[in-house]
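In what follows, a single structure is set out as structure tokens and then discussed.
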Amino acid sequence: MHGNARTVALTRAVSPTLAACELTHLAREPIDPARAAADHSAYEDALRALGATVVRVTPAPDLPDAVFVEDTAIVLNEIAVITRPGAPSRRAETPAVAEVLGAYRTLAHIRAPATIDGGDVLRLGRTLYVGQSSRTNAPAIAQLHELLHPWEYRVVGVRVQGCLHLKSAITDVGEGVLLANPRWVDTTQFGSQGVIAVSDDEPGAANALRLAGAVVFPSHYPRTARRLERAGLRVVPVPCAELAKAEGGVTCCSLLVETESATS
Ligand code: CIR
């Protein structure tokens, strides 16, 4: 018998109420939930094609933002921390996610008055960079530190401006390589990482999902995609323009859980 690493991607269906989603930096425009659901299903197919096993959390049709599962938890190899989302309308999203995650990880919980969205947490090695955004506050950063110091994680608060979450401004796209919008975050505070800047006319393009040696990336940002490819990265384009109207990107539609499945 030997261990065989496997990535489980937790996702959740697009709610028919998506058009009533939270919006912070975008003006509200009509959103077609059927088109968003088609985008979402193409996204799930892309994750499967990269070897992930997609596990869907029970749908929550009355919770407009439920598709954005990333915000409900911080999944590490040793533990999963269930968040307390910054938007009160999103707090009812967490129990169903916790129920599924509990099969893979010991769970811990962020408690009031702390609030944090998973989209604000960027893990690079054993450092968790946490965006100080409109969703994530100082008590949450302190609680994360308390919860995670037994595993020697470093928790570092990072200022962000002009965008919703830290991972709207910066994500990791390869070994030692970050993709960022330098107008939204100071990119010098992440250690000795190389930084690819988004194309000036694609400010929202810094949110990319690294999976299985590839970068799952919105097809509506072609100029930044070319920059990634020129850096030698494999880009897997996915349509997500409809979900982008709800201020969502590619990291926020899944929670990645590394598991070991025994094979003989
Ligand atoms: C919200 O404002 O909470 C949702 N409309 C969008 C959340 C996107 N989440 C993410 O990027 N992690």
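Ligands are counted one by one from 1 in listed order, and the atoms in each one are counted from 1 as well. In what follows, residues are counted from 1 in the order of the sequence shown.
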Give the atoms of ligand 1, by number and element, whose distance to some non-hydrogen atom of [X] is under 4.0 Å.
X: Glu70; answer: 10 (C), 12 (N)
X: Gly119; answer: 12 (N)
X: Ala246; answer: 4 (C), 5 (N), 6 (C)

Among all protein heavy atoms in this structure, tell me which lies nearest to [atom], with the distance rounded to 0.1 Å.
atom: atom 10 (C) of ligand 1; answer: Cys252 CB, 2.9 Å
atom: atom 4 (C) of ligand 1; answer: Asp65 OD1, 3.2 Å
atom: atom 9 (N) of ligand 1; answer: Asp71 OD2, 2.8 Å

Applying a 4.0 Å heavy-atom criterion (strictly less than), which segment of Arg135 is in contact with ligand 1: side chain, backbone, both, or neither?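 The side chain, only.
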
Look at the aromatic rings of His40 and Tyr43 and report parallel, tilted or perpendicular, splitting at 30° and 60°.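 Ring orientation of His40 relative to Tyr43: parallel.
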
Under the side-chain contact (heavy atoms from CB on, under 4.5 Å) test, residues paired with Ala180 that sit two or more places apart: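 Residues passing side-chain contact (heavy atoms from CB on, under 4.5 Å) with Ala180: Ile170, Thr187, Val195.
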
When you measure from the side chain of Thr259 to the backbone N and O of Arg6, does any donor-acceptor pair fall under 3.5 Å?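 Yes; judged by distance alone, with no hydrogens or angles, the pair exists.
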
Selection from Glu22, His25, Glu247 by shortest heavy-atom distance to atom 8 (C) of ligand 1: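 Of the listed residues, Glu247 has the closest heavy atom.
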
Only pairs at least two apart or in different chains count here, so list each side-chain hydrogen bond (donor to acceptor under 3.5 Å, both in side chains) that has a residue in residues 97-113.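 Matches after skipping sequence neighbours: none remain.
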
Evaluate side-chain hydrogen bond (donor to acceptor under 3.5 Å, both in side chains) for Thr72 paired with Glu93, printing each intermediate quantity in order. CA-CA 7 Å; Thr72 60; Glu93 293 176 26; 5.8 Å; no

